[in-house]
2 protein chains.
Amino acid sequence: MANSFSSQRIEGILQGWIDSGRYGPGMKLPAERDLAAELGVSRMTLRQALESLQFQGRFQRRPGRAGGTFVSGRVPVLELASMSGLAQQLSSTGADVESRILVAEATEATSEVSKALGVDVGDSVLHLRRLRFANEEPVMIEDSWFPERRLSGLDVGSLAGSVYRALGELDSAPVRKVEELDPSVASPVERELLGVGARHPVLRLVRTAYRADGLAVEYAHDVYRSDAIRVRVTTTD
Amino acid sequence: MANSFSSQRIEGILQGWIDSGRYGPGMKLPAERDLAAELGVSRMTLRQALESLQFQGRFQRRPGRAGGTFVSGRVPVLELASMSGLAQQLSSTGADVESRILVAEATEATSEVSKALGVDVGDSVLHLRRLRFANEEPVMIEDSWFPERRLSGLDVGSLAGSVYRALGELDSAPVRKVEELDPSVASPVERELLGVGARHPVLRLVRTAYRADGLAVEYAHDVYRSDAIRVRVTTTD
DNA sequence: GAGTGGTCTAGACCACGCG
DNA sequence: GCGTGGTCTAGACCACTCG
């Protein structure tokens, strides 16, 4: 039978098309129906191969009349082991960085947030939700919570610019952070914000940042498009 | 139509079964065909939901007569920002760690390896490939290359135990490392070594480690089962 | 309107591994 | 043997969006 494992064979063929330069960054593959016919497999089988490659960041897919399957380019690197913010990080690599505030409000600490920040459940916290862009493309959603009581002087207005700078002005600059990583897939809301298709791979990052006296000043959930950003960690003894 | 987006609905239902404790760690779900019938969807639709949850580490699936879909338990944490080796890392969390050497040989540096280690292409390097276990389960494949010439005294025999210790005895203990992360899927060879099913999610990590004089002493490719290990990064200013 | 990816169906056969 | 997940087929309809 010639059809055993054909999705893997297809995956290899497509990978070869990229590696050989037959399809370079930004180029569009033929429509799924045509490609499946050309390769002699059913559309579902082709889609399995495409999903695997999409997961590895090789392709992006967009629906609609002008949509299609596009070869990805090189992506910016995010250095985790650094106390600088994302904006500073990415711009130092030459990327053009923007940020859109989706939510900025005072709210009550949930059980999860209170535990991370070391405050009581129901305590007032500032919640900031931002959608962040690199080179005009949405690459990350960031939900941050700040303990309002511990940061007297911080208010919703302070969240507009660089939050780490605002914390610094309150003598609460973070000097230590702990981040946990978790590969996952985008939820429907995340898909819409990030402008990606179904089952798009993301990297979830949960962060708690502490100031010099050891108290937490930020708790955050980041969701990165794992095809649009590369994570690096540099460790020194 | 009641069937719009049903794979997402199914995913939510299954997630609820875990969260509510109806299915706890280690428990087996009904067979795919039965579950699909019970939920009123086709098997392919059910499988989409299962794949998404498997990707997120909620389930493991094994084929064969005694196979099935099993709920995952909690997983050990790997702290990247630490110069200790994996064994020390994991065992400090109470995990039982083992290592099986698959390859230990002198070979010639490829272009990629020579570039990372700063040696000439074709220079002699030691190649070590290990399969590493936590709690009897294979969780990671590690390919390491060491510049033989720079590490006079290091030979294939030294690779049997803790390599970082062996490097220390040669005054070449790594003091700095750079690691890049890349979510991907297991290749057929990796699937077999790690004992996982098709399209299993893995975290690829490429590492270069340097000793005090700034010269590279190790270049490595790690492949982690992303459902079996959790990555943490702690940063201090 | 027309063409794209996204989803879903209802089957089929295969590879594997315990009993 | 037989039940498991793994793969594949050949269709169908949907949602979206450019022209």
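In the text below, chain A, chain B and the rest are named by the order of the sequence lines, each starting its count at 1.
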Interatomic distance where [atom1] belongs to [X] and [atom2] belongs to [N] [whole Å]:
X         : N      : atom1 : atom2 : value
Asp34(A)  : dG3(C) : CG    : C1'   : 10 Å
Leu46(B)  : dG6(D) : CG    : C1'   : 13 Å
His200(A) : dG6(C) : NE2   : P     : 11 Å
Leu39(B)  : dC8(C) : CG    : C1'   : 15 Å
Leu35(A)  : dG5(C) : CG    : C1'   : 13 Å
Glu32(A)  : dG3(C) : CD    : C1'   : 12 Å
Glu192(A) : dG6(C) : CD    : P     : 15 Å

Tell me which one of Arg129(B), Arg130(B), Arg204(B) satisfies salt bridge (Lys or Arg N to Asp or Glu O under 4.0 Å) with Glu142(B).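 Looking at Arg129(B), Arg130(B), Arg204(B), the match for Glu142(B) under the salt bridge (Lys or Arg N to Asp or Glu O under 4.0 Å) is Arg130(B).
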What does the list of N/O pairs under 3.5 Å between the protein and nucleotides 10-13 of chain C look like, with a distance for each?
from    : atom 1 : to       : atom 2 : distance (Å)
dA12(C) : N6     : Arg43(B) : NH1    : 3.4

Just N and O in the side chain of [X]: are any of them under 4.0 Å from OP1 or OP2 of [N]?
X        : N      : value
Ser7(B)  : dC8(C) : yes
Arg61(A) : dG6(C) : yes
Gln48(B) : dT7(C) : no
Thr69(B) : dT4(D) : no
Thr45(A) : dT7(D) : no

Under 6.0 Å from the six-membered ring centre of Phe70(B) and within 45° of its axis: does the NZ or CZ of Arg62(B) meet both?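 That pair qualifies as a cation-pi contact.
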Mind checking whether Arg225(B) and Met140(B) have side chains closer than 4.5 Å, heavy atoms only?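 Counting from C-beta outward, Arg225(B) and Met140(B) never come under 4.5 Å.
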Decide yes or no for Glu32(A) and Arg47(A): does some side-chain heavy atom of the first lie under 4.5 Å from some side-chain heavy atom of the second?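 A side-chain contact under 4.5 Å exists here.
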Sugar-phosphate only, base, or nothing, as touched by Arg47(B) at under 4.0 Å among non-hydrogen atoms: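 The residue Arg47(B) makes base contact.
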When the nearest nucleotide of DNA chain D is assigned to Ala31(B) and to Arg191(B) on a heavy-atom basis, which residue is associated with the more 5' position?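 Per heavy-atom nearest nucleotide, the more 5' residue is Ala31(B).
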Pick the closest DNA chain C nucleotide for Glu51(A) and for Lys28(A) by heavy atoms, then say which residue is nearer the 5' end.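 Its nearest nucleotide lies further toward 5', so the answer is Lys28(A).
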Choosing from dC8(C), dT7(C), dC18(C), which nucleotide comes nearest the side chain of Arg65(B)?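 Of dC8(C), dT7(C), dC18(C), dC18(C) is nearest to the side chain of Arg65(B).
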Determine, for Glu11(B) against Arg9(B), whether the closest basic-nitrogen to carboxylate-oxygen distance falls under 4.0 angstrom.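 Salt bridge absent between Glu11(B) and Arg9(B).
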Examine Tyr219(B) together with Phe146(B) and report whether their ring centres are nearer than 6.0 Å.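 No, they do not, as the ring centres are separated by 6.0 Å or more.
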With a cut-off of 6.0 Å (strictly less than), are more than 12 heavy atoms of other residues, nucleotides or ligands near CD of Glu105(A)?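 Enclosed: over 12 neighbouring heavy atoms sit under 6.0 Å from CD of Glu105(A).
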